[in-house]
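Below you'll find the structure, written out as structure tokens, and then a few comments.
Source: prediction; values computed, not measured. The figures that follow rest on heavy atoms only: side chains count, while hydrogens, waters and symmetry mates do not. The first residue in the sequence is number 1, and the count goes up from there.
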Amino acid sequence: MGKIIQIPRELKEKIAAGEVITSPYSVVKELIENSIDAGSTEIKIKIERGGKRLIKVTDNGRGMDQEDLENCAKRYTTSKIHNEEEFINVKTLGFRGEALASVTVVSELKISSNEIEVLYNDEGNIIESKPSSLQKGTSIEVRNLFSKFPARLKYLKSDDYEFSKIYDLVQKYSLVYKNINFTLFKEEKVMFNSPAGNMKNKVYYAY
């Protein structure tokens, strides 16, 4: 009997997720880019325990309706490309349709948008839906990152180190996107605030 077998679908999903989501930094990067692509002018990032306990990104972008919320956490679903021509000429930061699906595999995902709050299982399906007070934009909460993957969790470094990587990332985005107000929280404390405006102000608040 041969030794080569086809990898089960559940294992393939976990392997793929590990390639997309490797650290709190990679989660924040994916979520910020989604917020930018949604036309946001204000993005707030809240981090607890270096992102291991909580990553929360809230924006004032276009938001999602009920149908979008039902589909957004499934693999290869995206609002950014619809055909091969758009793929070739892609103008958005993200387009693969893998980020949120990968997040559901390695953490607990909750999204609020347009007065709806939903919780997802690790297959990207909604397991709970209820009214939300968020009327505009989208808020995404990622909790207990890699809690289901202790081997991956142990390779993360200290909370301060993981936060420092996120801090540098947010700082860089703030300098590139001068019309977006970025605010970064560590636990409940504001650690970085870069108001929308001209580049002189951006550089001042970044340094």
Side-chain angles (χ1 to χ4, degrees), residues 8-38 40 42-80 94 96-153 156 159 162 166 183-188:
R9 183 185 64 82
E10 294 81 4
L11 181 55
K12 284 194 291 185
E13 299 289 342
K14 291 178 180 179
I15 293 171
E19 293 174 348
V20 177
I21 304 301
T22 59
S23 67
Y25 170 98
S26 60
V27 175
V28 174
K29 180 178 184 297
E30 296 285 355
L31 298 186
I32 287 179
E33 290 184 352
N34 279 349
S35 293
I36 294 171
D37 286 340
S40 306
E42 183 174 15
I43 301 175
K44 296 179 180 179
I45 305 103
K46 182 177 180 181
I47 304 298
E48 293 182 3
R49 286 203 55 208
K52 301 169 191 174
R53 181 167 61 195
L54 173 68
I55 296 169
K56 182 176 181 180
V57 176
T58 304
D59 65 48
N60 64 346
R62 287 187 293 274
M64 292 184 280
D65 61 18
Q66 179 68 44
E67 184 176 357
D68 289 336
L69 288 168
E70 290 173 359
N71 293 321
C72 69
K74 296 177 181 177
R75 290 203 74 191
Y76 308 124
T77 57
T78 181
S79 62
K80 299 169 186 179
R96 301 184 313 274
E98 292 184 278
L100 291 179
S102 296
V103 168
T104 64
V105 175
V106 299
S107 67
E108 301 163 15
L109 176 67
K110 181 169 69 176
I111 301 179
S112 299
S113 191
N114 288 323
E115 301 182 332
I116 305 170
E117 178 183 289
V118 294
L119 182 66
Y120 298 86
N121 64 15
D122 58 8
E123 295 181 349
N125 296 315
I126 294 175
I127 56 176
E128 183 180 347
S129 180
K130 60 183 180 181
S132 167
S133 60
L134 187 66
Q135 296 181 340
K136 183 179 181 181
T138 300
S139 181
I140 299 181
E141 293 186 28
V142 178
R143 291 186 178 273
N144 301 319
L145 185 64
F146 297 134
S147 61
K148 303 176 227 179
F149 300 88
R152 177 59 64 88
L153 185 62
L156 296 181
D159 294 353
E162 297 296 342
I166 295 169
T183 306
L184 175 62
F185 297 81
K186 182 180 181 182
E187 312 303 328
E188 298 295 332

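Counting heavy atoms from C-beta on, the side chains of Asp68 and Cys72 never come closer than 4.5 Å. Side-chain contact between Tyr25 and Leu156 is absent, with no heavy-atom pair separated by less than 4.5 Å. Looking only at side-chain heavy atoms (C-beta outward), Asp122 and Lys148 come within less than 4.5 Å of each other. The closest side-chain heavy-atom distance from Tyr120 to Ile111 is below 4.5 Å. Contact annotation: the side chain of Ser35 approaches that of Val57 to within less than 4.5 Å [non-hydrogen atoms, C-beta and beyond]. Side-chain contact check for Ile47 versus Ile55: some heavy-atom pair is nearer than 4.5 Å. Looking at Leu145 and Ile21, their side chains come closer than 4.5 Å, going by heavy atoms from C-beta outward.
Using a 4.0 Å cut-off between charged side-chain N and carboxylate O, Glu108 and Arg143 make no salt bridge.
Of the inter-residue distances, the one linking Ile36 atom CD1 with Ile43 atom CD1 reads 5.0 Å to the nearest 0.5 angstrom. Distance CE/Met64 to CD/Glu70: 11.5 Å, rounded to 0.5 Å. Between the NZ atom in Lys186 and the CD atom in Glu48 there is a gap of 12.0 Å [rounded to 0.5 Å]. To the nearest 0.5 Å, atom OG of residue Ser26 and atom CD1 of residue Ile166 are 9.0 Å apart. Remark: Leu119 CG to Ile126 CD1 distance equals 9.5 Å, nearest 0.5 Å. One finds the CZ atom of Phe185 at 9.0 Å from the CD1 atom of Ile45 (value rounded to the nearest 0.5 Å).
Here the closest heavy-atom approach between residue Asp59 and residue Gly61 is recorded as OD1-N, 2.9 Å. Between Lys52 and Pro24, the closest heavy-atom pair is N-CG, 4.4 Å. Scanning both residues, Gly124 and Lys74, for their nearest heavy atoms gives O-CG, 3.8 Å. When every heavy atom of Ser107 is checked against every heavy atom of Val103, the shortest pair comes out as OG-O, 2.7 Å.
Although no hydrogens or angles enter the test, the distance criterion places no donor-acceptor pair under 3.5 Å between the side chain of Asn121 and the main chain of Ile127. A distance-only check finds no donor-acceptor pair linking the side chain of Arg49 to the backbone of Asn144 [under 3.5 Å].
When Glu188, Glu141, Glu187 are each tested for a salt bridge (charged side-chain N to carboxylate O under 4.0 Å, His left out) with Lys56, only one passes: Glu141.
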Show which side-chain atoms of residues 131-140 pair as donor or acceptor with protein atoms under 3.5 Å away, not counting sequence neighbours.
from, atom 1, to, atom 2, distance (Å)
Ser132, OG, Leu134, N, 3.1
Gln135, NE2, Glu115, OE2, 3.4
Thr138, OG1, Ser113, OG, 3.2
Ser139, OG, Thr58, OG1, 3.0

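In the displayed structure, Lys44 atom NZ is contacted under 6.0 Å by at most 12 heavy atoms of other residues, nucleotides or ligands.
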